[in-house]
Structures are given as C-alpha cells and as structure tokens.
Amino acid sequence: MTYRPKSDFLHVMVSRGYYNDCSDLEGLDEAMLKGVVPTYIGYDATAKSLHVGHLLNIMMLRWLQNTGHQPITLMGGGTTKVGDPSFRADERPLLTPEQIDSNIDGMNQVFAKYLSYGDAPTDAIMLNNAEWLDSLNYLDFLRDIGRHFSVNRMLSFESVKSRLDREQSLSFLEFNYMILQAYDFLELNRRYGCGLQMGGSDQWGNILNGVDLTRRVLGNEVFGLTSPLLTTSDGKKMGKSQGGAVWLNADMLSPYEFWQFWRNSTDADVGRFLRLYTEMPLDECARLEALGGSEINAAKIALANAVTTLCHGAEAAEAAEATAREVFEKGGIGEDLPTLSLASGDVPQTGISIVQLLVKSGLAASGKEAKRLIADNGARLDDAPLTDAGLVLTPGDLGTARKLSAGRKRHALVRLDT
C-alpha cells in the first residue's frame, strides 16, 4: 500500500492488520477526517450466539467507536429468511421468524460488551433489517431496485462463481440475497446517513453492490472496506476448535474454555492475535511476540487474559487463569473447569461407561473417537492414563467430582448430582 491513511481509524486498521481492501481509501480517509462516519456491519441470525469468527469485525466496530465514529450493528431479521450463499456448498436451512428473533436476542448480548449504545453522535445503534425488508412490495422492488443489477456482473462474483463452477445448486432465493444486502446499505444511508459498510473479504462483491446502488438511486458517495479472512497458521478456519465453534456467549461456551482457546494458540499466531483481538499497544504486542522458547507461554496467557476480559470481564479471565494454573501446574481438579452434571437417573446402578462420559462431556465427538483417544493413550481420569475402553463408573465412583482429560489441554469435571 502506497497511500498512508491520516484518519485515526484507518491508521489503526492498517497498522494492526485489519485492512484488506477499500472501494476508495483516500475518499474514505478524507470523509473520516471531516466528521463522524456512521458505519455498519450486518449479522444474520443463524445461531443463538456469535462466535470467534465474528470477533475480528466486532473489534473493528470497537476501534471505529474509539476513534470517534458511530457503529451500526445491523441484525439480519429479514435477510436471514433468505440465507447468504457466499462460499457455501449448499443452501442454509430456513429458520422460522420465532427462531430468528430468539437468535437475535442471544447475539445482542455480545455487542453490549464491546460497544457503547446510546443517543450521543458516536454511540452505537442496533437495527434490524426486517424493519424495511418485511414490508417490501415485490413488484415495486423489482422495478425500482432490481433494474440496477446486472445478472452478468452478479454471476462474476467469486462467492457465486465458485458455487456454480462446482456445479452445486444455487437457488433463486439465495441469488436475491446480494440484492437485499445492497438495499440494506441504501436504506441505512437514507435513514441514518450511513457512509461505510465493513465486512470480511468474502463480502466484497455484496458490499460493492451496495456502494453502487446507493450512488445510482440516491446520488450519495458511500464506501466499502473489508478485512482479510483469517485462518490460523496451520490453515484451520479461525473460530473453530476441536470441540466445535468457539462461541462468545457464556451459556454456550464457558469463559474457561474460551480462555483456553486463546491460551492454546500456536506460537506463530500470537503476535497477530494480540494486534487483532486486544487493545494492547503495538510495541507491547511486538515485545510479547518476540518472546522465545517457553517464554512465549507468557504471551499466550497475556493474550487469553486480554481477550477474555473484553468478552467476559476481568473476573472471569482471572478465574480461568487460576483454574489453568491449578490444573496444569499443580495437577489439581480446577473447580472452574467445564462440568458435566449427571442426574441420578442418567447413571444406572450398573454404571456408565467411560466412553459415554468422554462423549457427554464434549471431550470426544463420538464413541469411536473416544475409543481411539483411549487406544492412543490420550485420555486420562484424575490425571491417570485410561487404558481400558470398557471401564464403567458406578454412581459410587461418581460421588465426588472426577476429572476427565483429552490430551494435555482439554479437561472436564464429571459430577453426579444427588
């Protein structure tokens, strides 16, 4: 990049690694120097919680607010009914309006931790695109909005092209998604003066559609900015762990497991994650990134504490670190570990197999995986190696909390509630 942004926000985006592309970087920079630029990111309500894959753009909104601009968190109450086809192999399952509303309620819990909502010029606002999409007249929409879209151009976008190249079906319903997303930008500009849409690089085509539509219909200059799609250094999709998605809501993933996800980052990812997911000064990120040998573990703990503090609070981060120290350094039980609580009816008098417990606790995805874990000497009970996949624990064996482990870093407690 030859152009060096002058506005605080774009300087942060470039220097910390959030920046991938912009529809007009110099024009956006000038707009941000002149005053507040309301900016939105859209979130379809496909689950009850956001996950770590969303955290990068949530941090972008946080930096946006911290540098004097207004974040708009747009809930996809309308677009979720269609489903974003971007880079998917199949159509998303259609959700009922009740499921969508329930998911939005769960997702909203996350944003309040990262953004300040209110009535001041830079206070965030929460919107739902069902407000304007649910009441659209189809014929009017086709005539007024559809005429601005070229099917040839839409077919050229990588998110659609890749699906068609693999000869995978793309429904007309999904094909309309990019038109609806573009219309969101137009409506946000018309109603709230929104001047910027941000998203991952997979949304580039959809964002450009919105920039173009707003210019054509309203004659207003707006901008699009994307972040890189992140993978870990070993090529895995960011936000996935061995146990599944790394959720941001505590009722779907405990703060300890969240903390442990970051503590288990590979050495090569620590510096980048510090810059993207914390607010540590860049010189401190560089100092921690440069630590070698076993000292890099101090950087990983600093990363886990900083990210967990933002998401779950300082007390939760401190408790997670204390539990990890108890479990790993002292060989203790660690009362804050994820806990599988079994009712008395769940455990017959003849007992429950260790394989079932590994699966129920989330340490193994299936009985087959649990047996393989035991065969490979990767499972432990109370820190003692498990060698017998046929082991059965009776209600008496579960009278006190038992610690199950899969590998060196994944643990859970098993309790029988009486």
Side-chain angles (χ1 to χ4, degrees), residues 13 16-20 39-66 71-77 79-80 83-88 92 95 100 102-117 124-129 159 177 181 184 196-204 206-207 224-232 236-241 243-255 257-259 261-262 265 269 272-273 275-279 303-304 306-312:
M13 291 299 98
R16 297 186 78 97
Y18 294 101
Y19 179 84
N20 183 73
T39 300
Y40 96 96
I41 296 178
Y43 300 87
D44 278 346
T46 55
K48 288 185 177 295
S49 171
L50 297 164
H51 55 71
V52 163
H54 296 108
L55 192 51
L56 183 119
N57 58 48
I58 294 174
M59 289 299 296
M60 291 169 71
L61 288 174
R62 183 176 172 88
W63 280 112
L64 180 96
Q65 187 169 51
N66 289 345
I72 298 172
T73 46
L74 181 66
M75 298 292 97
T79 44
T80 305
D84 184 1
S86 297
F87 297 96
R88 288 182 60 86
R92 289 188 186 275
L95 303 178
I100 292 171
S102 176
N103 287 349
I104 288 175
D105 289 342
M107 292 165 62
N108 286 349
Q109 298 173 25
V110 174
F111 293 110
K113 302 173 184 177
Y114 291 88
L115 302 172
S116 174
Y117 289 84
I125 54 176
M126 176 80 68
L127 300 171
N128 186 332
N129 62 15
S159 58
Y177 184 92
Q181 183 171 326
D184 280 346
L196 172 63
Q197 181 186 359
M198 301 192 297
S201 59
D202 61 331
Q203 294 295 314
W204 182 237
N206 292 343
I207 291 173
L225 184 147
T226 59
S227 59
L229 287 183
L230 284 190
T231 57
T232 56
K236 294 179 181 177
K237 188 175 181 180
M238 184 60 190
K240 297 289 185 181
S241 72
V246 181
W247 302 107
L248 303 183
N249 284 23
D251 59 345
M252 293 184 67
L253 186 79
S254 73
E257 291 172 287
F258 183 81
W259 186 94
F261 170 79
W262 298 99
S265 298
D269 286 326
R272 183 172 53 142
F273 288 176
R275 288 185 287 274
L276 293 174
Y277 297 109
T278 81
E279 296 175 319
L303 169 67
V307 182
T308 305
T309 295
L310 280 175
C311 189
H312 296 295

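Quantities reported herein were computed from a predicted structural model and do not represent experimental measurements.
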Approximate separation, where rounding is to 0.5 Å, of Leu74 CG and Met126 CE: 10.0 Å
Donor-acceptor pair between Asn206 and Gln203 side chains, under 3.5 angstrom: yes
Spacing of CE belonging to Met75 relative to CG belonging to Asn129, to within rounding of 0.5 Å: 9.5 Å
Smallest separation among heavy atoms of Ser265 and Phe273, with atom names: OG-CD1, 3.6 Å
Residues Leu248, Gln109; criterion side-chain contact (heavy atoms from CB on, under 4.5 Å); working and verdict: CA-CA 9 Å; Leu248 303 183; Gln109 298 173 25; over 6 Å; no
Check: Leu276 main-chain N/O paired with Tyr18 side-chain donor or acceptor under 3.5 Å: yes
Steps toward side-chain contact (heavy atoms from CB on, under 4.5 Å) verdict (Val52, Phe258): CA-CA 9 Å; Val52 163; Phe258 183 81; 3.9 Å; yes
Check against side-chain contact (heavy atoms from CB on, under 4.5 Å), Ile72 and Leu127: CA-CA 7 Å; Ile72 298 172; Leu127 300 171; 3.7 Å; yes
Minimum heavy-atom distance Thr226-Ile207, with the two atoms named: CG2-CD1, 3.9 Å
For Thr39 against Leu61, the heavy-atom pair lying closest together: O-CD2, 4.2 Å
Between Trp262 and Tyr277: side-chain donor-acceptor atoms closer than 3.5 Å: no
Euclidean distance, Gln197 CD relative to Ile41 CD1, rounded to 0.5 Å: 8.5 Å
Heavy-atom closest contact (Leu50 atom, Ile58 atom, distance): CD1-CD1, 3.9 Å
N/O donor-acceptor pair under 3.5 Å between Arg16 side chain and Thr278 backbone: yes
ring-ring contact (aromatic ring centres under 6.0 Å, His included) assessment of Tyr117 paired with Phe111: CA-CA 9 Å; Tyr117 289 84; Phe111 293 110; 7.3 Å; no
Test item: Lys113 side-chain N/O and Cys311 main-chain N/O as donor-acceptor pair under 3.5 Å: yes
Side chains of Asn103 and Tyr43, donor plus acceptor under 3.5 Å: no
Any donor-acceptor N/O pair, Asn249 side chain to Met107 backbone, under 3.5 Å: no
Derivation and outcome, side chain to side chain donor-acceptor pair (under 3.5 Å), residues Asn20 and Ser227: CA-CA 5 Å; Asn20 183 73; Ser227 59; over 6 Å; no
Atom pair OG (Ser201) and CG (Leu230), whose distance is rounded to the nearest 0.5 Å: 9.0 Å
Approximate separation, where rounding is to 0.5 Å, of Trp247 CH2 and His51 NE2: 5.5 Å
Working for side-chain contact (heavy atoms from CB on, under 4.5 Å), residues Tyr40 and Thr73: CA-CA 6 Å; Tyr40 96 96; Thr73 46; over 6 Å; no
Main-chain N/O of Thr309 paired to His312 side chain as donor or acceptor, under 3.5 Å: no
Distance, nearest 0.5 Å, that separates CG of Leu225 from CE of Met60: 5.0 Å
Sidechain-backbone polar pair: Thr80 side chain, Ile100 backbone, donor-acceptor under 3.5 Å: no
Shortest non-hydrogen contact from Gly77 toward Ile104: CA-CD1, 4.0 Å
Gln65 to Ala124 - nearest heavy-atom pair and separation: NE2-N, 3.3 Å
Verdict with reasoning, Glu279 to Asn66, per side chain to side chain donor-acceptor pair (under 3.5 Å): CA-CA 11 Å; Glu279 296 175 319; Asn66 289 345; 3.2 Å; yes
